[in-house]
Visitor: 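Okay, handing you the structure first.
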Amino acid sequence: MEILNFSAKTLCLLSLVAILAPFLTFPIIQLGKKSIGATVSISNITISFIASVVIFLSIWNVEVVHWQVEWFSIGTRLFTAGVLLNNLSVLMMVLVSGISLLVHIYSLSYMKGDGNIHKYWAYLGLFCFSMMGLVVADSLLLIYMFWELVGFFSFLLIGFWFTKATASQAAKKAFIMNRIGDIGFLIGLIIIYTQFGTFDIVELFGTGGLIDSASIIDGVWISSNSEMPVIWLSVAGIAFFIGAIAKSAQFPLHTWLPDAMAGPTSVSSLIHAATMVAAGVFLLGRIYPLFDTLVLNIITIIGVFTAFMAATIALTQNDIKRILAYSTISQLGLMIAAMGIGAYGASIFYLATHAFFKCLLFLAAGAVIHRLNHYKEHHNLVFDHQDIRLMGGLRKQMPISFITMCIAAAALAGLPFTSGFLSKDAILINSFEWAQGYHGFKKLVPYLLVFTSWLTVFYIARLIFKVFLGKPRYEGITEAPSAMTRVLVVLAFFCLFIAFSVNPLSYEGSWIFEGFIKAGVKRFDDLHVIIPAIVTFVSLAIVFFAYKIYGRNSPKTFPDNGFIYRFSNRAWYLDSGYNLLFVRPTEAISRLSYKFDRLIIDGIVSFLSLIVKNLAAISNWFDHYIIDGLVNGIASLAQKTGDLSRKFQSGKLQHYLITMLTVVVVFFILTYFI
Amino acid sequence: MIPLSHFMLISAALFCIGLYAVLTKRNAIQVLIGIEFMINAAILNFVAFGRLDKLAGGGQMFALFAIVLAAAGVAVALAIILNVYKHFKTINPEKIDSLKN
């Protein structure tokens with residue numbers, strides 16, 4: 001891999017290119033013609049992808065490049081910004097830009113004819129920009145900023161068809177749920193900054209960094225900068241984990257993800273399979289040294305529980321995208337649990353393989369939805385084109401989608417010769433090895449994970465059989481456009497073992513797994529043979545069982561009115577519960593404060609205004625009658641006087657004479673009689 | 001012999017009638033007649049008081065002088081009235097109230 005010998009500085013500049021290229025899509029589309037949207041965004045994401053690949057080839061297992069500049073300073077405190085390129089971030093870069101590129105190409109035909117397509121390209125570019133920035137940033141503060149941006153642009157993308165009520169609701173829900181996590185992240189940031197006085201990841205989490213050198217003496221957590229009770233270490237870990245819970249859709253903040261399926265399928269594929277939800281797992285990976293045993297246990301429990309719960313919900317869903325959404329939550333739970341048990345490498349490995357096969361599952365589902373919708377509109381029919389109960393027999397009509405989706409489903413189910421087999425076994429075996437060292441409930445963890453993976457096999461088999469096998473229901477459905485199927489084929493290749501490991505049966509030879517630190521647990525050789533064998537055998541049995549039930553449109557199926565069915569179908573009543581616990585009280589409080597506002601606040605204000613109004617009326621009266629009266633009185637006096645004296649000057653001769661006579665008479669009287 | 005006061009009363013009455021005519025009449029000619037009344041009232045006084053100056057006859061003299069003056073004045077006044085009538089097409093003093101034009 002050392003054929004590409006770039007200097008560290010060149011690599012950093014390249015990484016900036018990789019980040020900024022998708023960002024430029026937005027201003028170019030805004031300033032330029034709307035019709036160039038597709039060309040611009042695909043070329044930009046291609047540039048980003050090529051740059052990422054070059055960086056990957058230079059950095060992977062070779063060196064770590066850390067480059068930063070002074071950003072700003074507050075007082076004497078200096079804040080830096082920069083890029084950190086290590087195995088984790090370059091892997092994520094390639095993953096994000098690669099999946100994005102494929103989704104961009106797929107969107108060309110999937111989103112064709114949409115009126116707001118230029119906005120779609122712009123949002124997509126911005127989303128990729130923030131995700132790339134998130135994985136490359138070297139400071140927790142920068143990561144936080146990009147984290148928020150990812151949340152915001154996912155809001156725009158989920159709500160892309162904002163005229164649909166469900167889509168705009170789902171976008172709001174996703175945004176609000178993510179805000180809860182963001183608060184956790186912020187709390188974590190504050191604690192870390194108070195304790196260490198820096199946000200720099202290398203300084204904090206590098207080997208021999210501040211976290212390592214901080215010591216715990218008598219329940220006090222001491223660093224070179226400050227000290228605080230040791231409980232804050234756990235609080236910080238939990239706070240960051242809450243951030244990850246929201247982004248990676250873990251219990252109890254997972255309910256936004258299934259609703260977010262209201263967005264375009266290509267967006268679901270990009271955001272909810274490969275990039276945004278991976279951000280949570282990525283964050284855990286970035287700050288991994290921070291977590292203490294307590295936090296790791298919490299992470300494990302939440303992860304395992306989420307994996308199990310989402311799998312049981314996925315069993316009874318009928319919307320094709322909802323099944324995949326719950327499957328995503330379940331698989332993310334698996335990754336989080338792997339992080340919790342210390343199987344860091346296995347978790348990242350699964351993140352990488354999952355990104356490909358889940359993206360493929362979504363895109364193939366998108367192809368099916370696209371064709372069915374097309375058929376529906378062409379024939380003026382009304383039916384739910386995402387309901388798998390109304391599908392069937394698409395095997396012959398859409399062969400490429402069928403085969404690629406089968407490969408992806410096999411990978412999800414963890415069947416041999418797929419990438420999922422390698423990565424899922426890595427997690428399962430690691431969990432068994434980890435559980436060897438513990439007693440009590442921790443013994444349960446690996447068994448729950450295995451059980452969850454069997455549930456996964458069942459629901460994905462149900463989906464495939466219902467959609468593709470059986471008798472064709474609709475005549476004249478054709479394969480999706482070639483731009484879509486080519487993407488599917490490319491993704492299908494990455495669902496096979498060959499893309500990740502030469503040996504199809506052992507994950508330990510995989511290059512991704514090799515690239516990360518190992519879990520520090522004792523290796524049990526027996527487990528590496530027994531577990532894959534048992535899991536695979538049972539999985540195959542489950543596939544056969546599912547085929548028996550769903551494979552031939554047979555009427556025989558499970559009853560759908562029992563309590564367990566409803567419990568699962570309604571997603572453990574969590575949404576209703578949240579509605580009852582949070583939404584209703586919030587609404588009630590809002591109504592109450594509305595009333596308070598209307599009656600008390602408005603009352604005081606209008607009372608005051610009444611007083612002022614009356615005062616004003618009084619002074620108005622005073623002004624009008626007294627002040628104006630005085631002035632007008634003087635004026636009218638002058639006017640009257642003027643009028644009086646004017647009358648003498650009438651110009652009439654006899655009047656003058658009378659006046660004269662009167663004056664003479666008056667003077668006469670005055671002179672002689674008074 | 002007629003006492004002086006009788007002349008004075010007639011003279012005062014004449015004067016008042018003349019004054020009334022001057023002040024109230026709507027015709028300039030009548031106003032002029034009123035003025036004549038007043039002049040004649042004065043002349044009557046001259047003549048009446050002239051009794052007290054039998055030697056020089058100053059009263060008679062002044063009366064004659066005043067009559068001549070009055071005649072001249074009437075001639076001028078009539079000329080003015082004629083001109084006024086030409087200008088205003090009326091000789092009603094009520095309506096002749098502007099100095100300009």
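All values derive from a computational prediction rather than experimental measurement. Lettering of chains follows the sequences in order, A, B, ..., and the numbering in each one begins at 1.
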Visitor: Taking 4.0 angstrom as the limit, do A:R179 and A:D182 come out as a salt bridge?
Guide: yes
Visitor: Counting only non-hydrogen atoms closer than 4.5 Å, does B:I96 touch chain A with its backbone (N, CA, C, O), its side chain (CB onward), both, or neither?
Guide: backbone
Visitor: With a 6.0 Å cut-off on ring centres, are A:F153 and A:F127 close enough?
Guide: no
Visitor: Is there side-chain contact between A:W121 and A:S107, with heavy atoms separated by less than 4.5 Å?
Guide: yes
Visitor: Applying side-chain contact (heavy atoms from CB on, under 4.5 Å), can you list everything that pairs with A:S606, at least two apart in sequence or on another chain?
Guide: A:S609
Visitor: A:F160 and side-chain contact (heavy atoms from CB on, under 4.5 Å): which single residue from A:V267, A:N116, A:L124 fits?
Guide: A:N116
Visitor: Just to be sure I understand the criterion: a residue of residues 25-62 of chain B counts if one of its heavy atoms is under 4.5 Å from a heavy atom of chain A. Which ones qualify?
Guide: B:K25, B:V31
Visitor: Identify, with sequence neighbours excluded, every residue that meets salt bridge (Lys or Arg N to Asp or Glu O under 4.0 Å) alongside A:K119.
Guide: none
Visitor: Counting a contact as any heavy-atom pair under 4.5 Å apart, which residues of residues 654-673 of chain A contact chain B?
Guide: A:Q654, A:H655, A:L657, A:I658, A:L661
Visitor: Does a side-chain heavy-atom distance below 4.5 Å link A:W71 with A:L142?
Guide: yes
Visitor: What orientation do A:F23 and A:F129 show, parallel under 30°, tilted 30 to 60°, or perpendicular over 60°?
Guide: tilted
Visitor: Could you measure the distance from the CG atom of B:N83 to the CZ atom of B:F88? Nearest 0.5 Å is fine.
Guide: 11.0 Å
Visitor: Kindly compute the distance separating CD (A:Q639) from CG (A:D643), expressed to the nearest 0.5 Å.
Guide: 5.5 Å
